[in-house]
Structure formats: C-alpha cells, structure tokens
Trainee: 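What follows is a single structure, and I will ask about it in a moment.
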Amino acid sequence: MIIVMKADILPESPEVAQVIRLAERYPDVHAVARKIEGATRVLTEVYLLGSTSTIPQEPFDEFPAVEKVIRIRERYRSIGRHAGQAEAIGFEYNGVRFSQDEFHVFAGLCAVDTRENTESMFGALQTAGLVTARAGAYKPRTSPYDFQGHGRLCLPYVFELAGKYGIRVIAMEVTHESHIEEIEQALNAAGRPTGVMLQIGTRNAQNFELLKAVGQQREFPVLFKRGMGITLDESLNACEYVANSGNNRIIFCLRGMKTNLGDPHRNLVDVGHVPVVRRLTRLPVAIDPSHSVGKKDAAPDGILDIQHVTAQGIIAGANLVLVDFHPQPEQALCDGPQALLLEELDYFVRDAQLVRRTYLERCTLRQTLR
C-alpha cells in the first residue's frame, strides 16, 4: 500500500509522522516515507511494507494531508508504475536532471587506461557539448587474465580532468561495496569537481548484497544494467532491491541478452523493451548499444550497426545512451573493437539528437489524435 501525500508535504513533516504512526499500529507493518521528484512536482509517498492486505484504506483517506491511497497488487512495489501513479520518478544530480522526459548521451571509455586518453576523451565531450560521460575504473571480466581496470589508482586524475572539461556526471561501475567508499574519498580529495553515477554491471545484476549497499547509500544515483542471462522480470526485481533499500534515484539500462540467437551481434539487442520498462516502472530507461552490438560493422547505407541500434532505442523512448568511444581503439585494454572514434562523436551526438526530436514529434502527433 502507498499513501500519496499532498503537494508540499515533506517526508519529515508532522503529517507524515502521523500517517506512519497509524500505519505501524497494524501488526507486522513497517512504514517508510520517500520523496519522489516527478516531472511537474515533488511529492512524498509513504510505503506500507509487510502484511497490508487487511489494512483498511478509509482511515488514511480521512487525513487532510493525504491525496490518495494506492493498494498495490503488482510486483515492483518501489519502482513500479501502479494504478493512480501518474508521476514517473526523476531526480537532479550535480546540476543534471534525469527523468523519463529527459535525454542524455554518456559517451566515453569503457575502461580508463591512461591519463592521456582520458583527457582526449573528456576534451572531445566538451567540444561536442556533453556534460555526461562513462569512464570505467573497476572492470569485472569473464577471464581472470583480462584487464580488470586501474581501480582507485586512476580516480584522482579521472575526477581532476572531468572538472577541467566540465563533465558533471560520470557513469562508473562498482563491483564491491568498498568501491563506493573509495570513490567518495577520491571525490572529496579532488574537491568534488564532478559527480559519479554508480553503475551495476550485468554480471552483478543479482549480487544482492551489492544492490543493497548501493541502495542504502544516498550520495550517488545508480545506473542498473539488465542481467544478460536472466529475464526482464528478474532484472526488475533485482533493481527493486536498490529502491527497497532506500535509494530510488535509479536508471534502468538495457544492454542486450546473452544468447546465440543474437549472432552476428555480441548480444541479442533488446531495445524493444524500452517502452515495456517505461510502462512497468517509473524509472528513466537507458540503452547500451556498444555492448549489445559489440563491433563496428556498417550497413549498406554506411551507418554503423551501433548507430542504428542507438536510433532504435531512442525512437522507442530511451532517456539515456551509454556508448563506448576511445581515442585509439586498437590500443584499448577493454572492448576496443566496439569503441567509436573521437572524430565520429559529433555525428553520433547529432544523429541521436535528430532521432530524439523525431520521437518527441511522434509523441506530439499521438496527442493530437486523441
């Protein structure tokens, strides 16, 4: 059950405390208040957790500060889009707004290798007008002999250079709870010149202790990547672990599924699930065409498969694109064959913006036909 408070009622207000006291009079019920940033307003929702099927709705309806009561029968209690919930979950982080109504390109290094390549990458992003990037410091790999990332050793210069070139948010994967503390310490030591979005990679999609850890901290938002070998339902339930632990500043990322049916691509491209995730949840939805496609093959029209898949995801309503670039892909220590060149960045961004405008025109056209 979710109690939606009226506008301007904050989680710490006495009205919310009163609702929580009433809820917790019922046996085996725990209440949690959360602030939700929607497209048009900020509101407070009180989640009643536990055995709520026999709790009557009427006592909560009688509170003047309560807007409505939603009885949840579906799964995805925290991230789901339930009947009566029109507002999607959005958030602002380090001056950048993320929601189902926004659009961003996170281009950059799948794995940070050298300071020089990092600086070249961030400089190119600034020239392209981007303030968001990807930069992997911690890299889980299939083989123990592959490059695992420089870890905390590269964080000082990554954060320094991000500040130098105006990068406000970096998507950075973490594979262990200790990495969260290392990132926070390095950011503080650098004077917080940028921000970090903690990425949960596909190999850790069901690492429930890690999911709880990124959910329990409030400092950083989370980009959750779909598990490559599990169902969409299992991935959404795993994402629910993050939100249920208290952090609802989450972006859900589709990155392809591991199956031989995906050949000749690296994975089976799943951008068709963009509208599905937007319908089932209130989260912004990202796509990762680089790890879906896995190589730089071009169609007869001269456009790369990675760019076509990007367009397919954006035209379906994706709010964020996570894509690999590298100044010298042949020297990359991770996923070089799929990395686009810096000279291809301007076209990639302009093409993505073109498709985004087309998507918005589709939405406008649909509205006129209602």
Trainee: Side-chain heavy atoms under 4.5 angstrom apart, residues restricted to Ile, Leu, Val, Met, Phe, Trp, Tyr: same cluster for Leu268 and Val271?
Mentor: no

Trainee: Atom CZ of Arg255 and atom CG of Asn267: how far apart are they, to the nearest 0.5 Å?
Mentor: 4.5 Å

Trainee: For atom CD of Glu177, is the number of surrounding heavy atoms from other residues, nucleotides or ligands below 6.0 Å larger than 12?
Mentor: no

Trainee: Is there a donor in the side chain of Gln57 and an acceptor in the side chain of Arg71, or the other way round, less than 3.5 Å apart?
Mentor: no

Trainee: Can you name the closest pair of heavy atoms from Ile3 and Val69 and give their distance?
Mentor: CD1-CG1, 3.7 Å

Trainee: Is there a side-chain contact between Asn188 and Gln185 in this structure, where contact means two heavy atoms from C-beta onward sitting under 4.5 Å apart?
Mentor: no

Trainee: Heavy-atom count around His308 NE2 within 6.0 Å, excluding the residue itself: above 12?
Mentor: yes

Trainee: I need the Thr310 OG1 to Leu340 CG distance, nearest 0.5 Å.
Mentor: 8.0 Å

Trainee: Taking side chain as C-beta onward, heavy atoms only, is Ser245 less than 4.5 Å from Val214?
Mentor: no

Trainee: Main chain of Glu240, side chain of Ser78: is a donor-acceptor contact present, judged purely on distance under 3.5 Å?
Mentor: no

Trainee: Between Glu119 and Lys164, does any NZ, NE, NH1 or NH2 come within less than 4.0 Å of an OD or OE carboxylate oxygen?
Mentor: yes

Trainee: Looking at Arg350, I want to see if its CZ is surrounded by more than 12 non-hydrogen atoms of other residues, nucleotides or ligands under 6.0 Å.
Mentor: no

Trainee: According to a hydrophobic-cluster definition based on side-chain heavy atoms being under 4.5 Å apart (Ile, Leu, Val, Met, Phe, Trp, Tyr only), do Met121 and Val196 belong together?
Mentor: yes

Trainee: Over all heavy atoms of both residues, which pair between Ala23 and Phe60 is shortest? Give the atoms and the distance, please.
Mentor: CA-CZ, 3.9 Å

Trainee: Is the shortest heavy-atom distance from the side chain of Phe106 to the side chain of Cys253 under 4.5 Å?
Mentor: no

Trainee: Give the minimum heavy-atom separation between Ala33 and Thr44, together with the two atoms involved.
Mentor: CB-CG2, 4.4 Å

Trainee: At their closest point, which heavy atom of Ala31 faces which heavy atom of Glu24, and how far apart are they?
Mentor: N-OE2, 3.1 Å

Trainee: Calculate, to the nearest 0.5 Å, the distance between atoms CZ and CG belonging to Phe98 and Leu223 respectively.
Mentor: 9.0 Å

Trainee: From Tyr138 OH over to Leu155 CG, what is the distance, rounded to the nearest 0.5 angstrom?
Mentor: 4.5 Å

Trainee: With a 4.5 Å limit on heavy-atom distance, are the side chains of Asn204 and Thr175 in contact?
Mentor: yes

Trainee: Compare all side-chain heavy atoms of Met172 with those of Val158 and state whether any distance is below 4.5 angstrom.
Mentor: yes

Trainee: May I ask you to check whether Asp270 and His273 show a side-chain donor-acceptor distance below 3.5 Å?
Mentor: no

Trainee: Measure the acute angle between the ring planes of Phe348 and Phe325, then classify it against the limits of 30° and 60° as parallel, tilted or perpendicular.
Mentor: perpendicular

Trainee: Any side-chain heavy-atom pair from Val222 and Gln217 closer than 4.5 angstrom?
Mentor: yes

Trainee: Is there a continuous path of hydrophobic side-chain contacts, each under 4.5 Å between heavy atoms, that joins Ile36 to Val46?
Mentor: no

Trainee: Is it true that a side-chain atom of Arg141 and a backbone atom of Phe147 form a donor plus acceptor pair closer than 3.5 Å?
Mentor: yes

Trainee: Main chain of Gln338, side chain of Ser290: is a donor-acceptor contact present, judged purely on distance under 3.5 Å?
Mentor: no

Trainee: Quick one: do Glu15 and Lys6 satisfy side-chain contact (heavy atoms from CB on, under 4.5 Å)? Show the steps, please.
Mentor: CA-CA 10 Å; Glu15 292 88 349; Lys6 290 183 177 177; over 6 Å; no

Trainee: Is there side-chain contact between Cys239 and Leu283, with at least one heavy-atom pair below 4.5 Å?
Mentor: yes

Trainee: In terms of side-chain heavy atoms, does Asn207 have a donor or acceptor partner in Tyr241 at a distance below 3.5 Å?
Mentor: no

Trainee: Under a plain distance cut-off of 3.5 Å, with no hydrogens placed, do Asp335 and His326 share a side-chain donor-acceptor pair?
Mentor: no

Trainee: Do the charged groups of Glu219 and Arg192 touch, with an N to O distance under 4.0 Å?
Mentor: yes

Trainee: Looking at Glu234, is its backbone amide N or carbonyl O close enough to the side chain of Thr231 to form a donor-acceptor pair, meaning the two atoms are under 3.5 Å apart?
Mentor: yes

Trainee: State whether Arg115 and Glu160 are salt-bridged, where the test is any N-O pair (Lys NZ or Arg NE/NH1/NH2 against Asp/Glu carboxylate O) under 4.0 Å.
Mentor: yes

Trainee: Near Arg203 CZ, under 6.0 Å, is it more than 12 heavy atoms from other residues, nucleotides or ligands?
Mentor: yes

Trainee: Where is the tightest heavy-atom contact between Leu125 and Ala107, given as atom of each residue plus distance?
Mentor: CD1-O, 3.4 Å

Trainee: Taking Arg81 for its side chain and Arg278 for its backbone only, find out whether a donor-acceptor pair lies under 3.5 Å.
Mentor: yes

Trainee: Specify the closest pair of heavy atoms between Val174 and Leu210, including all atoms of both residues, with the distance to one decimal.
Mentor: O-CD2, 3.7 Å

Trainee: Do the two ring centres, one from Tyr359 and one from Phe103, sit under 6.0 Å apart?
Mentor: no

Trainee: Please check if the side chain of Arg218 supplies one atom and the backbone of Gly215 the other of a donor-acceptor pair under 3.5 Å.
Mentor: yes

Trainee: Flag yes if Phe220 and Val169 sit in one hydrophobic cluster, no otherwise; membership is Ile, Leu, Val, Met, Phe, Trp, Tyr, and two members link when side-chain heavy atoms are under 4.5 Å apart.
Mentor: yes

Trainee: Are more than 12 heavy atoms, taken from residues, nucleotides or ligands other than Asp8, located less than 6.0 Å from that residue's CG atom?
Mentor: no

Trainee: If I take atom CG from residue Asn248 and atom CZ from residue Arg34, how far apart are they, to the nearest 0.5 angstrom?
Mentor: 6.5 Å

Trainee: If you count the non-hydrogen atoms of other residues, nucleotides and ligands that lie under 6.0 Å from CG in Asp301, is the total more than 12?
Mentor: yes

Trainee: Judged by atom type as modelled, is there a donor-acceptor pair below 3.5 Å linking the side chain of Asn94 to the main-chain atoms of Arg168?
Mentor: yes

Trainee: Show the numbers, then the answer: is there a salt bridge (Lys or Arg N to Asp or Glu O under 4.0 Å) between Glu37 and Arg249?
Mentor: CA-CA 9 Å; Glu37 296 184 34; Arg249 297 188 301 165; over 6 Å; no

Trainee: How long is the straight-line distance from CG of Asp346 back to OG1 of Thr127, given to the nearest 0.5 Å?
Mentor: 9.5 Å

Trainee: Tell me, yes or no, whether the heavy-atom count around Glu181 atom CD, taken from other residues, nucleotides or ligands under 6.0 Å, exceeds 12.
Mentor: no

Trainee: Can any side-chain N or O of Arg362 pair as donor or acceptor with the backbone N or O of Ile315 at less than 3.5 Å?
Mentor: yes

Trainee: For residues Ile20 and Met1: do they belong to one hydrophobic cluster (side chain heavy atoms under 4.5 Å, members Ile, Leu, Val, Met, Phe, Trp, Tyr)?
Mentor: yes

Trainee: Side chain of Thr202, backbone of Arg226: donor and acceptor closer than 3.5 Å?
Mentor: yes

Trainee: How about Gln307 and Tyr347: does a side-chain donor come under 3.5 Å of a side-chain acceptor?
Mentor: no

Trainee: Is there a side-chain contact between Leu365 and Thr368 (heavy atoms, below 4.5 Å)?
Mentor: yes

Trainee: Return yes if some donor-acceptor pair links the side-chain N/O of Gln126 with the main-chain N/O of Tyr165 below 3.5 Å, else return no.
Mentor: yes

Trainee: Verify side-chain contact (heavy atoms from CB on, under 4.5 Å) between Met197 and Thr132, making sure each step is shown before the conclusion.
Mentor: CA-CA 10 Å; Met197 181 177 292; Thr132 52; over 6 Å; no

